[in-house]
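Written below as structure tokens is the structure these notes are about.
Values below: every heavy atom of this structure, side chains too, minus hydrogens, waters and symmetry copies.
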Amino acid sequence: MTRSLILFAHGARAASWAAPFERLAALTQERMPQVPVSLAFLELMEPRLPAHVAELIAGGVTDITIVPVFLGQGGHLLRDLPLMVEQLQSDHPQLALRVAGAVGEDPGVLNAMTDYCVAAFSRSA
């Protein structure tokens, strides 16, 4: 079984928008050198999630975890992503596929963001 981790982001028209997500993927890859870590996007940027999953499967991946790097469970995560995952499972029944919750809803992430906000406020005084 070959496992892979996909960080799933929305995408944007400006290429610079992806820079923090690329850094996140690189930092995650450094912490998990034995697991391929990549980015995929819902729209506006490449690779799109379905094509990227198909590419990973063609390369021998049999187990994928998707981590939505969204702040919350909005419409894209409540409607669009489940439909994509359902289609992916239908197209690739041999694939073990899991989807984590939105990264921004994790208490540890919220605490880190709170620390940043408090520090930013303190620096501005």
Using atom types as modelled and distance alone, determine if a side-chain donor or acceptor of Thr65 lies under 3.5 Å from a backbone N or O of Arg98. no
Do Val99 and Leu42 belong to the same hydrophobic cluster, where Ile, Leu, Val, Met, Phe, Trp and Tyr are linked whenever their side-chain heavy atoms lie under 4.5 Å apart, directly or via other members? yes
Return the set of residues passing side chain to side chain contact (heavy atoms under 4.5 Å, CB included) with Met45 (not counting sequence neighbours), or none when no residue passes. Trp17, Ala18, Phe41
With sequence neighbours left out, the residues meeting side-chain hydrogen bond (donor to acceptor under 3.5 Å, both in side chains) with Asp91 are Gln87
If a pair satisfies ring pair (Phe, Tyr, Trp, His ring centres under 6.0 Å) and one of its residues is in residues 95-122, list it, with sequence neighbours excluded. none
Using distance only, find each side-chain donor-acceptor pair of residues 26-34 under 3.5 Å and give its atom names and separation, not counting sequence neighbours.
{"from": "Thr28", "atom 1": "OG1", "to": "Leu24", "atom 2": "O", "distance (Å)": "2.7"}
{"from": "Gln29", "atom 1": "OE1", "to": "Val37", "atom 2": "N", "distance (Å)": "2.8"}
{"from": "Gln29", "atom 1": "NE2", "to": "Met32", "atom 2": "O", "distance (Å)": "3.0"}
{"from": "Gln29", "atom 1": "NE2", "to": "Val35", "atom 2": "O", "distance (Å)": "2.7"}

Can you name the nearest heavy-atom pair linking Pro68 to Leu81, along with the distance? CG-CD2, 4.0 Å
Would you please name every residue forming a ring-ring contact (aromatic ring centres under 6.0 Å, His included) with His92, sequence neighbours left out? none
Which atoms form the tightest heavy-atom contact between Leu7 and Ala25, and what is the distance? CD1-CA, 3.6 Å
Which distance, rounded to the nearest 0.5 Å, do you find between the CG of Leu56 and the CG of Leu95? 9.0 Å
Same cluster or not: Ile6 versus Leu88, using hydrophobic residues (I, L, V, M, F, W, Y) connected whenever any side-chain heavy atoms lie under 4.5 Å apart? yes
What's the separation between atom CZ in Phe21 and atom CG in Leu39, rounded to the nearest 0.5 Å? 8.5 Å
Please collect all salt bridge (charged side-chain N to carboxylate O under 4.0 Å, His left out) contacts where either partner lies in residues 76-90, sequence neighbours excluded, each pair once. none
Do Val85 and Val103 belong to the same hydrophobic cluster, where Ile, Leu, Val, Met, Phe, Trp and Tyr are linked whenever their side-chain heavy atoms lie under 4.5 Å apart, directly or via other members? no
Residues that His52 engages under side-chain hydrogen bond (donor to acceptor under 3.5 Å, both in side chains), provided they are two or more places apart: Ser38
Between Phe8 and Leu49, is a side-chain contact (heavy atoms from CB on, under 4.5 Å) present by the stated rule, with each step listed? CA-CA 7 Å; Phe8 177 64; Leu49 183 62; 3.8 Å; yes
To the nearest 0.5 Å, tell me how far His76 NE2 sits from Leu78 CG. 11.0 Å
Quick one: does Gln94's side chain get under 4.5 Å of Thr62's, heavy atoms only? no
Output all residues satisfying side chain to side chain contact (heavy atoms under 4.5 Å, CB included) with Pro20, sequence neighbours left out; order by chain, then residue number. Arg23
Looking at every heavy atom in both Gly108 and Asp106, which two are closest together, and how far apart are they? N-OD2, 2.8 Å
Search all heavy atoms of Ile64 against all heavy atoms of Val53 and return the closest pair with its distance. CD1-CG1, 3.9 Å
Side chain to side chain contact (heavy atoms under 4.5 Å, CB included) partners for Ala112, two or more places apart: none
Residues in salt bridge (charged side-chain N to carboxylate O under 4.0 Å, His left out) contact with Arg13, at least two apart in sequence or another chain: none
Work out which heavy atom in Gly72 is nearest to a heavy atom in Leu77; give both atom names and the distance. O-CD1, 3.4 Å
Residues in side-chain hydrogen bond (donor to acceptor under 3.5 Å, both in side chains) with Glu43, at least two apart? His10
Counting heavy atoms not belonging to Leu71, are there more than 12 under 6.0 Å from its CG? no
Only counting residues at least two apart or in another chain, list the ones meeting side chain to side chain contact (heavy atoms under 4.5 Å, CB included) with Leu110. none
